[in-house]
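The shown structure was predicted, so the numbers you read here are calculated from the model rather than taken from an experiment. Excluded from the calculations below are hydrogen atoms, water molecules and symmetry mates; all remaining heavy atoms, backbone and side chain alike, are included. A, B, ... follow the sequence lines: proteins, then strands. Residue 1 opens every chain.
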Amino acid sequence: MVHHPGEEHVDSHPQVGYFSIFLALCGCTALSVALDIVHFTPRLLVFLVLAVAVAKALFVMVYFMHLKFEGQWKFVILTPTTILAMGLIIALVPDLSMHYYTPDSPQIRTAQTAGLNLPASPAEEQAAPGKSGHSAD
Amino acid sequence: MSHSSQTAAAPVKMGLPISNGKLALWLFLGTEIMFFTALIGTYIVLYFGSPGWPSDPEVTHIKIWAGGLNTFVLLTSSYFVVVAHESMAMGAKAQSGQDDDRARVMYRRAWNYLALTFLCASVFLGIKAVEYYGKFEHGILPGRIPETDLQAVRMLREDWNRSLDADLNRLVPGTDALHVKQASLLNEVDTAQEPRKSELKNWAELNLAFSKYREDVSANKVSLAQAEHRLQELQGKPELAPLLQNVHLRHPITYGNLFASTYFLMTGFHAIHVIVGMILFAIVLLQGRRLEQRWANFVENSGLYWHFVDLVWIFLFPLLYIIPGNI
């Protein structure tokens, strides 16, 4: 690929109705807030809200960031990042879905004894002296 | 002029058909995607991996109206910046065509849109500051939230102790050690004149109540309800209430510290990016009427960066504001 350095700024992409895109983005935001009001099952809500967020992100990337009109170089730059970013999330999935360890933390023990409304026992205090609370054992 | 001399006059460059600045910015945005993916991914893992994670907006003081309004403000700013970039491109085109008047109008228009973008960024940070203030006011801060009853009872002891020390330093100024000041104050109670006498007496009474409380907490004899009752009883006395205005019993929030850490980490880093964007726009705005063609690439790259800041918020809004209150 060859190009001339120092060439003037050329905006070669066709005209885009930016205001229409802006209105679509505002509509999506209103939809997100509406989803907060309407009652859905948690899974459906997460899916819908994130789907709206992805739609907004695509509007911004495709039109505001002009990716629709850029050359093939965009794939060269963005594909590795996208794969690594998705890989990071996938790598974290076992922590979410596979409870291969026994969760045991002061918070969980407190929740278990919450019904009794008892202050923490001295034994617990000895086990974690001076801790602010959120460290797992 | 020969063909070879023409080639020499216009050297070509291998590489992508975009400016070096734009290429650098896209590579930078690639690293930024990884950075925020790590933050958001960690948040998701902590959230769904922690039973009892605080999600009630009444507890976390997450205001959906603030998040929604900020989303609208950022989207508006994104629109303004893309129109500013378009105006810069039109100005550059007019300048190339020797139409200086039109070019000047276009550059002026670009400047105005960038000023509006800067204003939107300021509004965004203002709303964020209001949200942060609410968190500070309610003690939603990393390391400042009790997660068990015992921690709440002990944090009350620390707050109360700190407040008493501050009042002691006010009533007995000087550099003496606190125990010396305390002895001096207690000696002075009987001999002092009004209104100082009442002040010293109130402090002594509160100190006595605190000593009992500290003793009971050390013996692990105070439950959260008892601590609350004792505090309310003392705050009900008009003469002691002013001395206790900075003493609060914080109610335990399970995983509150992790929540606060992730919330401030994600929104804080995003806010830093907003500030960097404002600096970029300020550099262009400072050009005033000198804004011209050579700034077009800078405006485009600043705009790309700004759109990325908008993109991050597009995902933070549902993850922090909408989903937690609904599942």
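In this structure, no portion of Ile40(B) lies under 4.5 Å from any heavy atom of chain A. Heavy atoms closer than 4.5 Å to chain B are found in the side chain of Ile77(A), but not in its backbone. Using a 4.5 Å cut-off between heavy atoms, Leu84(A) contacts chain B through both its backbone and its side chain. For Leu304(B), the parts lying near chain A are the backbone and the side chain together; criterion is any non-hydrogen pair under 4.5 Å. Proximity to chain A (any heavy atom under 4.5 Å) is shown, for Thr76(B), by both the backbone and the side chain. Both the backbone and the side chain of Leu75(B) have a heavy atom closer than 4.5 Å to some heavy atom of chain A. The part of Phe317(B) that comes within reach of chain A is its side chain, from C-beta onward, which places non-hydrogen atoms under 4.5 angstrom from that chain. Of the atoms belonging to Ala152(B), not a single heavy atom falls under 4.5 Å from chain A. With a threshold of 4.5 angstrom between heavy atoms, Phe64(A) approaches chain B through its backbone and through its side chain.
Annotation: maximal heavy-atom pairing with chain B below 4.5 Å, among Val52(A), Val60(A), Ile21(A), occurs at Val60(A). Put simply, of Lys74(A), Met65(A), Met86(A), His39(A), the one with the most heavy-atom pairs under 4.5 Å next to chain B is Met65(A). By number of non-hydrogen pairs under 4.5 angstrom with chain B, the leading residue of Val76(A), Leu67(A), Leu35(A), Thr41(A) is Leu67(A). With chain A as partner, the option from Gly68(B), Gly52(B), Ser78(B) having the largest number of non-hydrogen pairs under 4.5 angstrom is Ser78(B). The candidate from Trp65(B), Tyr321(B), Phe315(B) with the greatest count of non-hydrogen atom pairs under 4.5 Å with chain A is Phe315(B).
Atom CD of Glu58(B) has 12 or fewer neighbouring heavy atoms from other residues, nucleotides or ligands inside a 6.0 Å radius. In His229(B), the NE2 atom is not crowded: 12 or fewer heavy atoms of neighbouring residues, nucleotides or ligands sit closer than 6.0 Å. Within 6.0 Å of CZ on Phe40(A) lie more than 12 heavy atoms contributed by other residues, nucleotides or ligands. Surrounding OH of Tyr63(A) are at most 12 heavy atoms belonging to other residues, nucleotides or ligands under 6.0 Å away.
Residues Val49(A) and Ile323(B) form a side-chain contact, since some pair of their non-hydrogen atoms from C-beta on lies under 4.5 Å apart. Residues Phe72(B) and Leu25(A) are not in side-chain contact: their nearest non-hydrogen atoms beyond the backbone lie 4.5 Å or more apart.
Rounding to the nearest 0.5 angstrom, the gap separating the NZ atom in Lys56(A) from the CH2 atom in Trp313(B) is 10.5 Å. For the atom pair CD1 of Ile33(B) and CG of Leu88(A), the computed distance is 12.5 Å after rounding to the nearest 0.5 Å. One distance of note links CG of Leu58(A) with CD1 of Ile314(B); it measures 9.5 Å at 0.5 Å rounding. Annotation: the span from Tyr18(A) atom OH to Phe80(B) atom CZ amounts to 15.0 Å, rounded to 0.5 Å. Taken from CD in Glu70(A) to NZ in Lys22(B), the straight-line distance is 3.5 Å, to the nearest 0.5 Å.
For Phe19(A) and Tyr79(B), the ring centers are positioned less than 6.0 Å apart.
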